[in-house]
Amino acid sequence: MDIAITQRVAERLRIPRLGGLSRSADDPTQEPRTGRDESSGSTPTSVGAVDASRWRDRPRREQVTFAALLLGTLAFWLYGLSANGYANSFYTAAVQAGSVDWQAFFYGSSDAANSITVDKPPASLWFMALSVRLFGLNSWAILVPEVLMGVATVALVYYGVRRYFGHAAGLLSGVVLALTPVATLMFRFNNPDALLALLLTAACVATMRAVEKANPRWLIAVGVLLGFGFLTKTLQAFLILPVLGLVYLIVAPTTLRKRLLHSLAALAAMIVAGGWWVAIVELVPASMRPYIGGSQTNSFLELTFGYNGLGRISGDEAGSVGPNMGTASIWRMFSSSVGGQISWFIPSALLLLVVGLWLTRKAPRTDLTRAAYLVWGGSMVVTAVVFSLMAGIFHEYYTVALAPYIAAVIGIGAVAAWRRAGSNRARTGSYALAAATAMAATWSFFLLTRVEAYGPLRYIVFGVGMTAALLLLVSTRLHTRFVPFVLAAALLSSLAGPAAYSITTVNSAATGSIVTAGPSSGFSPGGMGGGMSGGPGGGTGGTPPTAPPNATGSTTNGTTTNGTSRMGGMGGLLNATEANTEVVAALQANASDYTWVAAAIGSQNAAGLQLGSGEPVMAIGGFNGSDPSPTLAQFQEYVANGQIHYFLAGGGFGGQNGGSSASSEISTWVQANFTTVDIGGTTFYDLTAPVSSAN
């Protein structure tokens, strides 16, 4: 079978024929984007050119399969969504507060009385809070916006790849993203990572549009997207900034002077888009706004460059509590805790990236194919390296940021390799595609070996994948009818492992501060009150650490105590307490007489009471209980003014890395001066009943 036969197969599969990417022929002002086609020895002019066709003008098969991709992803990620409940109650409490108070909405306050904010900027909360305002406080109102962000991310990856590499490449990228386990997890969860992944994906797509014709408006859009990403998860949004900026400076088809001016305009747009909120927060007097959670000085800039910024790299994060998941290593993405979340296609993606850059090494400076490899592949490599080597707090679900980049590289690289597979002069494509398939099958085998949930699936994946890889090496000698079956076998064997993990994920409940996708593989943070629970192989495996005793003297690890209430793992650090009906009734009684119906150490402990009662509950010390908010003197003033009704007993966290001792001082003072009350099996202190008056 020669190159013509391979191209006939490609046409049946709607894969573009051999050729590089070229600039539009009707734009003579632009530098040519064509490079020598190594497979044919010719210089293409229109084959593989940028496809700017309108949706209605595309073939019906493309329209149907793209719609099936989005609708299938939507249905898959909506399945069993309510099992996640309030997901991460830390953020859900802020969503509830923002849905009833506009000041809390703007600042991202943990409660509607605006005592303290969450330890992130509020952009991701805004969408959920608006949804809750419209539909009320429930699991679907909170999580459906996250699902829609995920579907939009899949659509953007498809669009960003299809425009330059064809429908098959875009479709493959979309499917890979939709079945990546950590994407399935986080696009059904209420952490900021879903919005961040969407914004960074959009920034990559906009960068490619800017590079096409050196369009400054698209580059300014990149700046706006990254700026809004900063308002989602601070400095993590800027990890890919050097990659996107350098690609434009190197590749854009205009003079260096214009490239620099365009870049400066985009940088200004980024500063404005991300800086307006920061400026307001820093300029408003501290007495007129909530305390900035996660900081030790009530400063968002300190939070940005400390706890949420450089501290994540160096490990110097004042006030952090609990263990850091995993050890910094270049192999972290392949470790037992992280590998099953994201690494299924990383070996294949790295191979296809290297091959793609090698094959485009002689292309013109403005070559769009190489630019796409640099944008998506560069973002993947930079993000993975930072995640691997950061010495501070790292959680497995952070890796959802990698999923769109990996998916795009797989789609681009696999289809580009197939385009070259039939050439008698360029065997690199066949070898690359076969090697990528073999690597995916082999690594899937090892990942599936780490768990016991899927029986013989690992052997099937390995056998089918290696067979497909061998047949791809000799694809030019196969009959045309058999080639699609070989490609299907390669695809299915590569996707089976992550698909199994994703199916487990949608069949399990994910709650708490630390969650993981798929089945358990040894120790899981879920055992500390987070992670996956329920469903086959729920990720609560391993032996959880013992939590501090709760107020009734019993020890809890995210389980029901006396059938009445639950203290989340590590004394409420990682999951919320659950308020029973008696507690809710007590908190709601005369609630209008108080600014806060209760106070509790740590945001999760406060969140459970607030979500149960619907009334403001003060989170003393913020998420970790280690912020100086409020100080003992401030708390004493609130109590003297009759602004707080109850204080939840317990909730102290061990292993604190510096930070304030205000929460322990407050707890000691309350225990010495106020009367305990038992409400539905949970111990509170009544701050309206001093010990002296009880005697």
*Asks:* Would you please name every residue forming a side chain to side chain donor-acceptor pair (under 3.5 Å) with T304, sequence neighbours left out?
*Replies:*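 Side chain to side chain donor-acceptor pair (under 3.5 Å) check on T304 returns nothing, list empty.
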*Asks:* Do side-chain atoms of E146 reach the backbone of M186 as a donor and acceptor pair under 3.5 angstrom?
*Replies:*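 Not at all, since once roles are kept as given, no pair shorter than 3.5 Å links the two residues.
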*Asks:* So does G160 get a backbone contact from the side chain of R163, meaning a donor-acceptor N/O pair under 3.5 Å?
*Replies:*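 Side chain of R163 to backbone of G160: no pair is present.
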*Asks:* Work out which heavy atom in R332 is nearest to a heavy atom in F387; give both atom names and the distance.
*Replies:*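 In this case the closest contact between R332 and F387 is NH1-O, 2.6 Å.
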*Asks:* Classify the angle between the aromatic ring planes of F106 and W277 as parallel (below 30°), tilted (30 to 60°) or perpendicular (above 60°).
*Replies:*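 Plane angle between 30° and 60°, so tilted.
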*Asks:* Side chain of R162, backbone of L171: donor and acceptor closer than 3.5 Å?
*Replies:*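 Not at all, since once roles are kept as given, no pair shorter than 3.5 Å links the two residues.
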*Asks:* Just by modelled atom types, is the E302 backbone N or O under 3.5 Å from a matching donor or acceptor in the S299 side chain?
*Replies:*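 Judged by distance alone, yes, a pair lies under 3.5 Å.
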*Asks:* Could you tell me whether the side chain of S388 and the main chain of W331 form a donor-acceptor pair under 3.5 Å?
*Replies:*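 A pair under 3.5 Å: no.
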*Asks:* Has R209 got a side-chain atom pairing as donor or acceptor with R217's backbone, closer than 3.5 angstrom?
*Replies:*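 Not confirmed, R209 side chain does not pair with R217 backbone.
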*Asks:* Report the residues that fulfil side chain to side chain donor-acceptor pair (under 3.5 Å) with S502, sequence neighbours left out, ordered by chain and then residue number.
*Replies:*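 Applying side chain to side chain donor-acceptor pair (under 3.5 Å) to S502 gives T184.
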*Asks:* With sequence neighbours left out, which residue pairs that include part of residues 186-204 fulfil the side-chain hydrogen bond (donor to acceptor under 3.5 Å, both in side chains) condition?
*Replies:*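 Sorted result for residues 186-204: N88-N191, T92-N190, N191-Y397, D193-K233.
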*Asks:* Quick one: which residue pairs count as a ring-ring contact (aromatic ring centres under 6.0 Å, His included) with a foot in residues 173-231, not counting sequence neighbours?
*Replies:*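 ring-ring contact (aromatic ring centres under 6.0 Å, His included) check on residues 173-231 returns W77-F187, F230-F238.
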*Asks:* Testing I412, L177, V161, I410 for side chain to side chain contact (heavy atoms under 4.5 Å, CB included) with L172, which one passes?
*Replies:*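 Among I412, L177, V161, I410, the one that satisfies the side chain to side chain contact (heavy atoms under 4.5 Å, CB included) with L172 is I410.
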*Asks:* Partners of Y431 by side chain to side chain donor-acceptor pair (under 3.5 Å), sequence neighbours excluded?
*Replies:*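 Side chain to side chain donor-acceptor pair (under 3.5 Å) list for Y431, sorted by chain: empty.
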*Asks:* Checking W376 side chain against Y373 main chain: does a donor-acceptor pair fall under 3.5 Å?
*Replies:*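 Side chain of W376 to backbone of Y373, a donor-acceptor pair under 3.5 Å: no, none is there.
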*Asks:* Is the backbone of M380 close enough, under 3.5 Å, to the side chain of T383 for a donor and an acceptor to pair up by distance?
*Replies:*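 Checked: no pair found.
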*Asks:* Is it the case that the side chain of S131 and the backbone of F127 share a donor-acceptor pair, with hydrogens and angles ignored and the cut-off at 3.5 Å?
*Replies:*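 No, because the side chain of S131 does not come within donor-acceptor range (under 3.5 Å) of the backbone of F127.
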*Asks:* Donor-acceptor pairs under 3.5 Å, side chain of residues 338-357 to any protein atom, not counting sequence neighbours: which ones?
*Replies:*
{"from": "Q341", "atom 1": "OE1", "to": "A517", "atom 2": "N", "distance (Å)": "2.7"}
{"from": "Q341", "atom 1": "NE2", "to": "A517", "atom 2": "O", "distance (Å)": "3.0"}
{"from": "S343", "atom 1": "OG", "to": "G339", "atom 2": "O", "distance (Å)": "2.7"}
{"from": "S343", "atom 1": "OG", "to": "W443", "atom 2": "NE1", "distance (Å)": "2.8"}
{"from": "W344", "atom 1": "NE1", "to": "G340", "atom 2": "O", "distance (Å)": "2.8"}
{"from": "S348", "atom 1": "OG", "to": "A436", "atom 2": "O", "distance (Å)": "2.7"}
{"from": "S348", "atom 1": "OG", "to": "A440", "atom 2": "N", "distance (Å)": "3.4"}

